[in-house]
Amino acid sequence: MNLSSNASSEEIRAAYRSLIKQYHPDKNSSEQASEFTLKLNEAYDVLSDPEKKSQYDNRFYQAPAEETIYEEDPREVYRREYIRQKAETVREAQETEVRRQHTQFRLGRLLSFPILAFALLVIMDRYLPAHISTDIPIVGWQVGSGGGRHGSTRTYTSFMKSDHATYEVPNALHINYDYYAAEKEPIIIMATPILRTIKSYAVCNGNIKTIYPVLGTPLLPLLILISAAFIASRRKFSYTAYVFRFLPPLLLAAELVFYIF
């Protein structure tokens with residue numbers, strides 16, 4: 001009705017009469033006029049009654065209630081902030097540890113690939129046909145080590161020397177070989193074809209061929225192969241693989257010590 005909230009009864013009545021004449025169905029036959037007339041009658045019914053008008057005004061113009069402000073206990077604020085900072089510190093420490101574990105896992109997995117290739121090479125080298133050569137020892141000796149006062153637990157390592165090389169040989173070969181024979185028997189040296197690791201020695205005495213083995217079953221290379229394959233096969237982080245990440249390098253170090261010494 002385009003009236004202010006402070007409009008008087010006369011202003012309300014005048015506005016109503018003006019609008020009802022304009023939109024009365026007898027003068028305006030549109031559907032909008034009929035609908036507007038119903039709303040106009042409802043509005044006038046409320047605004048012409050002082051009690052209803054007061055309720056209407058209170059509904060839309062009521063002042064908001066005062067907001068109650070509560071002051072929080074400083075000790076509670078400090079406690080909550082302490083707990084939050086402590087949780088944040090623990091979370092950062094856990095994230096740092098997780099990153100460290102993932103980095104070491106990736107490093108161990110990266111190292112496992114060349115170690116795996118080396119283990120395969122060593123195992124293949126053991127079982128490929130041997131490289132055979134011969135040599136004639138000139139002299140032999142033993143070196144003792146360890147043992148107590150009476151030498152009861154003393155161990156001996158045997159060596160043979162020829163014009164070309166010095167060999168560490170099984171004790172049985174050194175003891176059974178005849179260094180003083182007029183015509184010395186050559187020793188047959190069977191070595192792996194790739195790494196030239198001596199697998200065994202043999203001596204032919206007439207029609208009898210005596211073999212003295214040096215290398216046994218490649219247990220250490222097999223362990224290296226299995227552990228390196230396990231680590232290399234883990235594309236995603238695995239805690240088990242993380243725990244055993246440096247086992248292949250340690251086993252490889254033991255194998256290298258065996259080859260060197």
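Values below: all heavy atoms of this structure, side chains included; hydrogens, waters and symmetry mates excluded.
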Other members of the hydrophobic cluster containing Leu219, with the 4.5 Å side-chain heavy-atom rule, please. none
Run the side-chain contact (heavy atoms from CB on, under 4.5 Å) test against Ile123 and tell me which residues pass, sequence neighbours left out. Tyr127, Pro221, Leu222, Leu225
Arg234 meets the side-chain hydrogen bond (donor to acceptor under 3.5 Å, both in side chains) criterion, sequence neighbours left out, with none
Using salt bridge (Lys or Arg N to Asp or Glu O under 4.0 Å) as the criterion, list what pairs up with Asp163, not counting sequence neighbours. none
Pairing residues for Phe244 by the ring-ring contact (aromatic ring centres under 6.0 Å, His included) criterion, not counting sequence neighbours: none
Of all residues at least two apart in sequence or in a different chain, which pass the side-chain hydrogen bond (donor to acceptor under 3.5 Å, both in side chains) check with Glu185? none
Give every residue pair that meets the side chain to side chain donor-acceptor pair (under 3.5 Å) criterion with at least one member in residues 240-253, sequence neighbours excluded. Arg100-Tyr242, Gln104-Arg245
Could you give the side-chain donor-acceptor pairs of residues 194-207 under 3.5 Å, partners two or more places apart or in another chain?
| residue | atom | partner | partner atom | Å |
| --- | --- | --- | --- | --- |
| Arg196 | NH1 | Pro193 | O | 2.4 |
| Lys199 | NZ | Arg126 | O | 2.9 |
| Tyr201 | OH | Glu168 | O | 3.2 |

Residues in side-chain hydrogen bond (donor to acceptor under 3.5 Å, both in side chains) contact with Glu95, at least two apart in sequence or another chain: Arg91
Under 3.5 Å, is there a donor-acceptor pair between the side chain of Thr155 and the main chain of Ser145? yes
Under the salt bridge (Lys or Arg N to Asp or Glu O under 4.0 Å) test, residues paired with Arg235 that sit two or more places apart: none
With sequence neighbours left out, what residues match Glu92 under salt bridge (Lys or Arg N to Asp or Glu O under 4.0 Å)? none
Among residues at least two apart in sequence or on other chains, which ones pass side-chain hydrogen bond (donor to acceptor under 3.5 Å, both in side chains) with Thr96? Arg99
Looking only at non-hydrogen atoms, find the nearest pair between Pro249 and Leu111 and report the distance. CG-CD1, 4.4 Å
Classify the ring geometry of His102 against Phe237: parallel below 30°, tilted from 30° to 60°, perpendicular beyond 60°. parallel
